[in-house]
4 protein chains.
Amino acid sequence: MAQNPSSAPDTSRRSERSRRAIYDAALALVAEVGYPKTTIEGIASRAGVGKQTIYRWWSSKADVLLEAFLDLSDQAAEAAGQKPYTIPDTGDLAADLKNVLRATVDELGDPAFEAPSRALAAEGVVNEELGRRFVAQLLEPQLQLYVDRLRAAQETGEVRPGIDPRIALELFVSPLAQRWLQYTGPITYEYTDTLVDYALHGLAPR
Amino acid sequence: MAQNPSSAPDTSRRSERSRRAIYDAALALVAEVGYPKTTIEGIASRAGVGKQTIYRWWSSKADVLLEAFLDLSDQAAEAAGQKPYTIPDTGDLAADLKNVLRATVDELGDPAFEAPSRALAAEGVVNEELGRRFVAQLLEPQLQLYVDRLRAAQETGEVRPGIDPRIALELFVSPLAQRWLQYTGPITYEYTDTLVDYALHGLAPR
Amino acid sequence: MAQNPSSAPDTSRRSERSRRAIYDAALALVAEVGYPKTTIEGIASRAGVGKQTIYRWWSSKADVLLEAFLDLSDQAAEAAGQKPYTIPDTGDLAADLKNVLRATVDELGDPAFEAPSRALAAEGVVNEELGRRFVAQLLEPQLQLYVDRLRAAQETGEVRPGIDPRIALELFVSPLAQRWLQYTGPITYEYTDTLVDYALHGLAPR
Amino acid sequence: MAQNPSSAPDTSRRSERSRRAIYDAALALVAEVGYPKTTIEGIASRAGVGKQTIYRWWSSKADVLLEAFLDLSDQAAEAAGQKPYTIPDTGDLAADLKNVLRATVDELGDPAFEAPSRALAAEGVVNEELGRRFVAQLLEPQLQLYVDRLRAAQETGEVRPGIDPRIALELFVSPLAQRWLQYTGPITYEYTDTLVDYALHGLAPR
DNA sequence: ATTTAATCGAGACGGTACGTCGCGTCTTTTG
DNA sequence: CAAAAGACGCGACGTACCGTCTCGATTAAAT
């Protein structure tokens, strides 16, 4: 009953304990010493785990961190109840968008999220495969909420019918993203409010 | 007038030959094998230079690459004459912006620029000091061109007077930047044209 | 029962294969290019071994060479049977000593032994700790053979009873050692024969 | 009026000031940090001298140290008057030799001499060319004094006529040298006295 | 309840690159 | 033109991690 050597580890025997310890160690190290100084050996030692246990289940440091961060996000979402699964619809699109963006501003400043998400974003810029997974698993689901809210606004006539919501949302989301990623400007409530106003009414005189 | 101990190499004795060779080697290696596999040893060996000569003048791999890339940009700008120092003003703001953004789309696809600028952008996400230098020395000067063009448009009445041009430009520039940085969507002329239209006229019905 | 932090590699997991390869490489390099041009990197590369494997088990180049040379000596001794474990006793002390010293003269000229033993001797002159180990593990056991032979000679009356054998042996051994170490004179059978004669009968007339 | 490039510096223009400073720095450094950690750069910097000034006049670190040490010995000899230029002849050979050896024991323990002479001896073991110069310029002149004293003793009948003085002196000088060089035993007045007794009267009963 | 086979902690191994030190050469400026 | 200063190409240092590879010792599924 020989087995294909060096492949397909048996998931049913996997140690849950080790997995959690590795997530915790990875996130803690990235927060404490930064992503570049976080090493597989460091994670293993801090998690009280053999290196092979990491290499058996993940293919790279970025991979570990991505999973750890996804796990963290899931936990956070679960803990916070249903809050982020939809953008509130009070009938006032501008107000609703400003609220959500203000919450995002707060989140971007939270140190617990900042270190790992910056690290993953940076890695994703240069590593397309990881970048696409980062987007597909974390970013896109959140952007989809804006698409939904904008669609609803189109039905009430708050947004022109011809507008593509997937592009439209970038008018106020991407500027915030770029300021955060590249330090191209300060990030304040006033700024995001302005973005929403500009995006909704345009730059040209009416 | 004593000196900072054990430091401050004499700039006047610096070898111009080595500096050029290091720039060339760094850019070539990043393009050929990617940023993470580009090593100081590799740059030194390819440039026919001692490692110490790199460490004497730069503090890190990212530092070398940033200077090399700045130098490359300067050269490119010089070679191209005065073209990129201002955004053309034909009186039609939308057309002018679409033209410039289409040129940017082409540039973002140019492999000679893509590898190093992606690498620097990624490094800058995680290394604030470098990120700010990247922005100040490369990005901001280019964004300033948009500010100038938008100001001109305000004077002709194409743009509302109350609009802040520095923020306004982000409505069409940041979405393109984010798609390029994070692979959040395809990058086409049609896309950038749409961005300009949305940004100028807003999402809300008029 | 805690451990000294970050140290004490596990001897039982040590690779015998690597140890042998390192001994061989070290001795070969010292013989071929000389001690100063023998480098840890050179030994590692020639032995097909990582540098860390050397640093894990030895503290310096001299340390490696000393162990390699001890190993070589043990092997040589084993290969040669019991020959060098005792100085023959034919009843004629002078003849016996002359024979052993002639053999030593031959050995000192053997290139396989000369390079490493000179290197170790030189290092020992300047590095007391290594010097003492060199003496304790290599030199002293051989000198002890002379002590034994001289003791036997005292019992047969060939040597005066009051003589201290440990000092006595230096009268003929040290001159040879010094000529070899410091190039203070030629090394021949005639010379060592003379030393034995002078030492046994003294310089003063009888 | 071109000159053969890179050869034959002009001795008449040599800076005496620099030479002295280099000697002093070399001896001080060897005494303070040991020979291996003494570097050309260190000597130059301590002497307030350019590296080239050292390379112009000496071929190696050992070379500098040998000259510095010879200079030191000459100075010491001059300062001490005529003392070491001959071994006293009181008519009692044994007493005279014991006295000189006791003085040597003292000298070997003097830290000012020990560091550089050990370093040079070690270098000489492994570097035949330097070793021979060390012997010719420092050791042999001193051994010649013993030759002279032993010749005188042969004329008075204290030493047998057939004895070769150059070999005879090694019976008591070499053991002391070896104990000092290789740490093969303690160095005391008693020890050197014993050596003289054994050497003069031999080991065999009379 | 026992067997049994894969996972686990541990860490030695062959490597690559790091950032530093010193070598010996070369060049520039000063006395 | 020697001398100080020190940048340069180079090579080795000793260290940190990489990813692979054994080793017993659990440990959970299949007997």
Side-chain angles (χ1 to χ4, degrees), chain A residues 1-3 6 8-15 17-18 21 37-45 47-57 59-61, chain B residues 8-15 17-18 21 37-42 44-45 47-57 59-61, chain C residues 6 8-15 17-18 21 37-42 44-45 47-57 59-61, chain D residues 1 3 6 9-15 17-18 36-42 44-45 47-57 59-61:
Chain A
M1 289 292 133
Q3 165 121 346
S6 80
D10 183 342
T11 325
S12 68
R13 302 194 99 129
R14 182 167 184 182
S15 162
R17 213 167 150 283
S18 297
K37 287 192 179 170
T38 296
T39 64
I40 299 266
E41 296 207 336
I43 296 171
S45 134
V49 136
K51 277 200 287 180
Q52 202 56 251
T53 300
I54 298 185
Y55 285 110
R56 187 159 21 236
W57 303 109
S59 67
S60 68
K61 178 171 73 161
Chain B
D10 183 343
T11 323
S12 70
R13 290 228 188 297
R14 182 166 185 182
S15 162
R17 217 168 148 284
S18 298
K37 288 194 179 170
T38 296
T39 64
I40 299 265
E41 291 207 335
S45 129
V49 138
K51 275 200 286 181
Q52 205 56 50
T53 299
I54 298 185
Y55 285 110
R56 184 153 30 230
W57 302 110
S59 65
S60 68
K61 178 170 72 162
Chain C
S6 85
D10 183 342
T11 324
S12 71
R13 290 228 186 297
R14 182 166 185 183
S15 162
R17 216 167 148 285
S18 299
K37 289 194 178 169
T38 296
T39 65
I40 300 265
E41 291 206 338
S45 126
V49 137
K51 274 200 284 182
Q52 204 57 47
T53 299
I54 298 184
Y55 285 110
R56 183 151 34 227
W57 301 109
S59 64
S60 68
K61 178 170 74 161
Chain D
M1 291 290 133
Q3 167 119 348
S6 80
D10 183 343
T11 324
S12 68
R13 288 183 167 253
R14 181 167 186 182
S15 160
R17 214 167 149 285
S18 298
K37 289 193 178 171
T38 297
T39 65
I40 299 266
E41 297 207 335
S45 133
V49 138
K51 278 200 287 179
Q52 202 55 251
T53 303
I54 298 184
Y55 286 109
R56 184 153 29 231
W57 302 109
S59 66
S60 68
K61 177 170 76 161

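No experiment lies behind these values; they were computed from the predicted model shown. Residue numbers begin at 1 in each chain, while the letters A, B, ... track the order of the sequences.
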Interatomic distance where [atom1] belongs to [X] and [atom2] belongs to [N] [whole Å]:
{"X": "A/Tyr55", "N": "E/dT7", "atom1": "OH", "atom2": "C1'", "answer": "18 Å"}
{"X": "A/Lys37", "N": "E/dC18", "atom1": "NZ", "atom2": "P", "answer": "15 Å"}
{"X": "C/Lys61", "N": "F/dG14", "atom1": "NZ", "atom2": "C1'", "answer": "14 Å"}
{"X": "C/Asp10", "N": "E/dG9", "atom1": "CG", "atom2": "P", "answer": "18 Å"}
{"X": "D/Glu41", "N": "F/dA5", "atom1": "CD", "atom2": "P", "answer": "13 Å"}
{"X": "C/Ile54", "N": "F/dA12", "atom1": "CD1", "atom2": "P", "answer": "13 Å"}
{"X": "B/Ile40", "N": "F/dC10", "atom1": "CD1", "atom2": "P", "answer": "17 Å"}
{"X": "C/Lys51", "N": "F/dC18", "atom1": "NZ", "atom2": "C1'", "answer": "15 Å"}

Taking only the side-chain nitrogens and oxygens of [X], find out if one of them lies under 4.0 Å from OP1 or OP2 of [N].
{"X": "D/Ser18", "N": "F/dA2", "result": "no"}
{"X": "B/Trp57", "N": "F/dC8", "result": "yes"}
{"X": "A/Thr53", "N": "E/dG9", "result": "yes"}

Locate the shortest heavy-atom distance separating [X] from [Y]; write the atom from each residue and the value.
{"X": "B/Gly50", "Y": "B/Ala44", "value": "C-CB, 4.2 Å"}
{"X": "C/Ala21", "Y": "C/Ala47", "value": "O-CB, 3.5 Å"}
{"X": "B/Gly42", "Y": "B/Thr39", "value": "N-OG1, 2.8 Å"}

How long is the span from the CD1 atom in D/Ile54 to the CD atom in D/Gln52, to the nearest 0.5 Å?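 Reported to 0.5 Å precision, the distance equals 10.0 Å.
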To the nearest 0.5 Å, what is the distance between OG1 (A/Thr11) and CH2 (A/Trp57)?
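Going from OG1 on A/Thr11 over to CH2 on A/Trp57, the span is 5.0 Å.
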DNA chain E nearest-nucleotide lookup for C/Ser15 and B/Ser59: closer to the 5′ end is C/Ser15
With distance as the sole criterion, do the side chain of B/Gln52 and the base of F/dC10 form a donor-acceptor contact below 3.5 Å?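 No, no donor-acceptor pair under 3.5 Å.
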task = Kindly check if the number of other-residue, nucleotide or ligand heavy atoms within 6.0 Å of CZ (D/Arg17) is above 12?
result = no
Query raised in the report: Which part of the nucleic acid does B/Gly42 contact within heavy-atom distance under 4.0 Å: base, sugar-phosphate only, or nothing?
Result: nothing
Note: for A/Thr39 and D/Arg56 on DNA chain F, the residue whose nearest nucleotide lies more 5' is D/Arg56
Just the atom pairs and distances: protein N or O near nucleotides 23-30 of chain F's N or O, under 3.5 Å.
residue : atom : partner : partner atom : Å
F/dC23  : O2   : C/Arg13 : NH2          : 3.2
F/dA28  : N3   : A/Arg13 : NH2          : 2.7

Could you check whether any side-chain N or O of C/Lys51 sits under 3.5 Å from a backbone N or O of C/Ile40, counting only pairs where one atom can act as donor and the other as acceptor?
no
